[in-house]
Amino acid sequence: MSVSGRNTEFMDKLKSVLSGQDDGSADGSGILERANQASTLAWGTRMKGFIICFILGAFLSILATCLLWIPGFGLPVFAVLYSFGNICALGSTMFLMGPVRQLKNMCAKERAIATIIMLTCLVLTLCAAFWWKNKGLALLFCILQFLAFTWYSLSYVPFAR
């Protein structure tokens, strides 16, 4: 078999596996189905992960606010802890619905703008603290990050937006 024939065969196999159409094994279950079954968490474990991640996110955000007023290194520490706290709080819902569904929900029509603003402000907060060393901008981006995160969270509540 030629090299191009093997490449075509490999690509066809890859497409069938990624689309979930490959039965992949002798027992009839596909590779994606087996991977999903292996990574599925029990409901109790999901709730524990959600609660731990959410509390950690809230704790880091509160700690960041307390450390903001320490002279000299307060702003960079604040920016990192506050942003990481928001990431933890956002990531906590991945335990409840799974990472793929969470990413799809984040990109849904009613949440896309809030998601983009929140993630952009998160990056800009870190840029303002580390590269631009501008306290005013860092605080502004943190406030915008908070507002966008609130808007994003409220988009899950019917009629809340």
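When reading the values below, keep in mind they use all heavy atoms of this one structure, side chains included, and skip hydrogens, waters and symmetry mates. None of these values were measured; they are calculated from a predicted model.
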Asker: Is it the case that more than 12 heavy atoms not belonging to Ile113 sit under 6.0 Å from its CD1 atom?
Answerer: no

Asker: Any link between Leu103 and Met97 through a network of hydrophobic side chains (Ile, Leu, Val, Met, Phe, Trp, Tyr) touching at under 4.5 Å?
Answerer: yes

Asker: Provide the closest heavy-atom pair for Leu60 versus Gly85 in the form atom of the first, atom of the second, distance.
Answerer: CB-CA, 3.8 Å

Asker: In terms of hydrophobic clustering (I, L, V, M, F, W, Y; side-chain heavy atoms under 4.5 Å; direct or indirect links), are Leu139 and Phe146 co-clustered?
Answerer: yes

Asker: CZ of Phe130: more than 12 outside heavy atoms within 6.0 angstrom?
Answerer: yes

Asker: Test side-chain contact (heavy atoms from CB on, under 4.5 Å) on Phe50 and Thr93; report intermediate values, then the result.
Answerer: CA-CA 6 Å; Phe50 167 74; Thr93 56; 4.2 Å; yes

Asker: Is there a donor-acceptor pair closer than 3.5 Å between any side-chain N or O of Ser92 and the backbone N or O of Ala89?
Answerer: yes

Asker: To the nearest 0.5 angstrom, please state how far the CZ atom of Phe95 sits from the OG1 atom of Thr45.
Answerer: 10.0 Å

Asker: Out of Leu68, Thr65, Leu67, which residue meets the side-chain contact (heavy atoms from CB on, under 4.5 Å) rule with Leu81?
Answerer: Leu67

Asker: Is there a path of hydrophobic side-chain contacts, each under 4.5 Å between heavy atoms of I/L/V/M/F/W/Y residues, joining Ile143 to Leu124?
Answerer: no

Asker: In terms of hydrophobic clusters joined by side-chain contacts under 4.5 Å, are Val123 and Leu147 together?
Answerer: no

Asker: Hey, can you tell me if Tyr152 and Tyr156 have their rings parallel, tilted or perpendicular (30° and 60° cut-offs)?
Answerer: perpendicular

Asker: In Å, rounded to the nearest 0.5 Å, how long is the span from SG of Cys88 to CD1 of Ile55?
Answerer: 12.0 Å

Asker: Return the minimal non-hydrogen interatomic distance between Lys135 and Leu75, and the atom names on each side.
Answerer: CG-CD2, 3.3 Å

Asker: Determine whether Phe84 and Ile52 fall in the same hydrophobic cluster, where Ile, Leu, Val, Met, Phe, Trp and Tyr are linked whenever their side-chain heavy atoms lie under 4.5 Å apart.
Answerer: no

Asker: Looking at Phe149 and Met118, what are the two nearest heavy atoms and their distance?
Answerer: CD1-SD, 3.0 Å

Asker: Do Met47 and Leu96 come within less than 4.5 Å of each other through their side chains, counting heavy atoms only?
Answerer: yes

Asker: Kindly give the heavy-atom pair with the smallest separation between Tyr82 and Ala64, and that separation in Å.
Answerer: N-CB, 3.5 Å

Asker: Would you say the side-chain atoms of Ser155 and Glu110 include a donor-acceptor pair closer than 3.5 Å?
Answerer: no

Asker: Evaluate side-chain contact (heavy atoms from CB on, under 4.5 Å) for Trp132 paired with Leu137, printing each intermediate quantity in order.
Answerer: CA-CA 9 Å; Trp132 306 327; Leu137 272 180; 4.2 Å; yes

Asker: Which heavy atom of Cys53 sits nearest to which heavy atom of Gly91, and what is that distance?
Answerer: SG-C, 4.4 Å

Asker: Give me the atom names and distance for the closest heavy-atom approach of Ala138 to Ala129.
Answerer: CB-N, 4.4 Å

Asker: Indicate yes or no for a side-chain donor-acceptor contact from Thr115 to the backbone of Met106 under 3.5 Å, with no hydrogens or angles considered.
Answerer: yes

Asker: Hey, what do you get for OG1 (Thr120) to CD (Gln145), rounding to the nearest 0.5 Å?
Answerer: 10.5 Å

Asker: Apply side-chain contact (heavy atoms from CB on, under 4.5 Å) to residues Phe141 and Cys127 and explain how you reach the verdict.
Answerer: CA-CA 10 Å; Phe141 291 136; Cys127 289; over 6 Å; no

Asker: Could you measure the distance from the CG atom of Leu122 to the CD1 atom of Ile87? Nearest 0.5 Å is fine.
Answerer: 4.5 Å

